[in-house]
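Report on the following structure.
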Amino acid sequence: MPILIDDDLDFEDALGSPRPAVYANRWLRELPLEGASAVRTWENNAGCLCEWMTFLKERGVHPLRDRKELRAALSMYAEYRFNGPLKQRWDHTTWNLHVGILSRFYRWAQSEGLCTAVPFSYRAGKRIADGVLVDVQINLARERQPRPRTTIKYLEEDFAELFERALAGVGSDGEPDRRYRRPREGARNAAMVKSVLSSGLRKQEFTYLTIYEVPPLPARPTALPVLFPLGHALTKGQKARTSWIHYGALAQMQGSLTWTVLPRRKGSDGVRPHGWALPCWLRLPTGREPI
């Protein structure tokens with residue numbers, strides 16, 4: 001179990017006057033009783049307290065005294081870790097880890113009567129634990145971390161254009177690429193790519209999108225984006241939302257969904273005029289035909 005020791009190797013300023021390191025070591029010794037049985041966890045907690053108490057000592061702030069001074073020091077600590085020297089800066093993950101450790105330490109100190117109040121502020125929140133909605137307290141000093149989907153690197157404009165041309169079977173010079181194996185599908189592929197980049201549809205939304213859910217084309221061209229409503233059956237969490245799509249992208253998308261067919265009339269002998277393609281049999285839509 002790691003322990004904290006001051007530079008002068010003393011644990012008391014006077015007889016019966018223990019230093020803050022004594023209380024920190026006491027909290028560290030009780031970690032296994034709180035469910036923290038890993039050695040790495042003990043080291044992380046001890047390192048966090050060591051850096052925090054060193055920072056306070058350099059500025060003459062006692063770690064278990066006035067709450068107002070501690071809150072001011074905590075603000076300086078955040079500035080030091082986010083905008084201080086490069087070697088001392090932390091990312092959001094490291095900061096949140098240390099804030100969580102300090103929060104647990106000060107709650108323990110308050111329960112033991114070592115301090116009157118913690119230097120953090122909290123707000124009520126809720127989370128699901130084992131399928132049950134429980135009330136929790138959220139530390140306002142924690143930094144909000146981006147969700148995994150927000151770390152996706154989006155295509156720059158020139159790379160997006162290159163990607164669209166590649167799926168369309170067109171080279172960088174704008175001429176058809178003879179190496180493209182399916183030239184007839186190029187226009188459709190380009191229209192789908194352009195519509196996705198314009199509307200920002202998620203993978204799930206585009207995968208299960210049907211032709212009947214594509215918004216109709218406005219009567220006349222417009223520079224403003226067109227509303228693209230998405231039903232709850234497509235969206236994440238089954239929450240309906242509304243996206244936008246540019247007129248040009250929607251026009252290409254609608255054009256790729258339009259086919260010219262020859263329906264066979266009832267009682268017809270099926271004889272086709274010379275040069276006409278085979279008849280296309282139609283059936284009533286079920287509403288779930290994918291694009």
Side-chain angles (χ1 to χ4, degrees), residues 82 91-93 95-96 128 142-262 277 280 282-291:
F82 287 125
D91 58 5
H92 296 81
T93 303
W95 170 259
N96 289 340
I128 297 179
R142 293 177 59 89
E143 289 290 327
R144 297 186 61 182
Q145 294 180 264
R147 297 184 178 181
R149 67 171 183 272
T150 62
T151 60
I152 298 175
K153 301 297 183 180
Y154 292 93
L155 292 176
E156 298 292 342
E157 185 176 356
D158 52 347
F159 284 100
E161 183 179 357
L162 179 63
F163 180 59
E164 180 182 345
R165 287 184 175 182
L167 291 184
V170 178
S172 57
D173 55 356
E175 297 296 329
D177 189 350
R178 295 182 179 181
R179 295 171 296 178
Y180 194 71
R181 297 183 178 181
R182 299 179 178 180
R184 296 182 180 179
E185 300 177 2
R188 183 202 63 180
N189 294 342
M192 295 299 112
V193 171
K194 195 168 185 178
S195 63
V196 171
L197 294 177
S198 176
S199 61
L201 295 180
R202 297 187 177 99
K203 176 182 177 182
Q204 172 182 325
E205 295 169 347
F206 181 73
T207 301
Y208 297 102
L209 185 70
T210 66
I211 59 177
Y212 311 103
E213 294 165 322
V214 178
L217 199 64
R220 60 183 62 182
T222 174
L224 298 177
V226 181
L227 284 174
F228 199 146
L230 299 168
H232 64 87
L234 301 175
T235 56
K236 179 182 178 182
Q238 295 187 347
K239 295 181 180 179
R241 73 182 186 95
T242 300
S243 183
W244 303 84
I245 185 172
H246 291 91
Y247 179 88
L250 179 60
Q252 290 189 19
M253 190 177 188
Q254 287 284 8
S256 66
L257 302 179
T258 304
W259 295 279
T260 303
V261 298
L262 175 65
C280 179
L282 301 179
R283 60 183 178 85
L284 293 177
T286 62
R288 297 310 305 171
E289 285 76 6
I291 292 180

Kindly write out the residues that satisfy side-chain hydrogen bond (donor to acceptor under 3.5 Å, both in side chains) with [X], not counting sequence neighbours, or none if the list is empty.
| X | answer |
| --- | --- |
| Ser198 | His246 |
| Glu143 | none |
| Thr242 | none |

Locate the shortest heavy-atom distance separating [X] from [Y]; write the atom from each residue and the value.
| X | Y | value |
| --- | --- | --- |
| Met253 | Leu209 | CE-CD2, 3.9 Å |
| Ser243 | Leu230 | CB-CD1, 4.4 Å |
| Leu197 | Ala160 | CD1-CB, 3.9 Å |
| Ser199 | Ser195 | OG-O, 2.7 Å |

[X] vs [Y] side-chain heavy atoms within contact, under 4.5 Å:
| X | Y | result |
| --- | --- | --- |
| Leu201 | Ile245 | no |
| Leu224 | Tyr247 | no |
| Leu227 | Trp244 | yes |

Can you tell me how far the [atom1] atom of [X] sits from the [atom2] atom of [Y], to the nearest 0.5 Å?
| X | Y | atom1 | atom2 | answer |
| --- | --- | --- | --- | --- |
| Met192 | Gln252 | CE | CD | 9.0 Å |
| Ile211 | Gln254 | CD1 | CD | 9.5 Å |
| Phe82 | His92 | CZ | NE2 | 5.5 Å |

By side-chain contact (heavy atoms from CB on, under 4.5 Å) - contacts of [X] (at least two apart):
| X | result |
| --- | --- |
| Ala190 | Glu164, Ala168 |
| Pro215 | Phe228, Leu250 |
| Val196 | Phe206 |

>> Going by salt bridge (charged side-chain N to carboxylate O under 4.0 Å, His left out), name the residues that satisfy it together with Glu205, two or more places apart in sequence or in a different chain.
In response: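 Listed in chain order: Arg202, Arg241.
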> Is there any side-chain hydrogen bond (donor to acceptor under 3.5 Å, both in side chains) pair reaching into residues 215-233, and which pairs are they, with sequence neighbours excluded?
Replying inline: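 Found none.
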>> Enumerate the salt bridge (charged side-chain N to carboxylate O under 4.0 Å, His left out) contacts for residues 242-251, please, sequence neighbours excluded, ordered by first and then second residue.
In response: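 Qualifying pairs, neighbours excluded: none.
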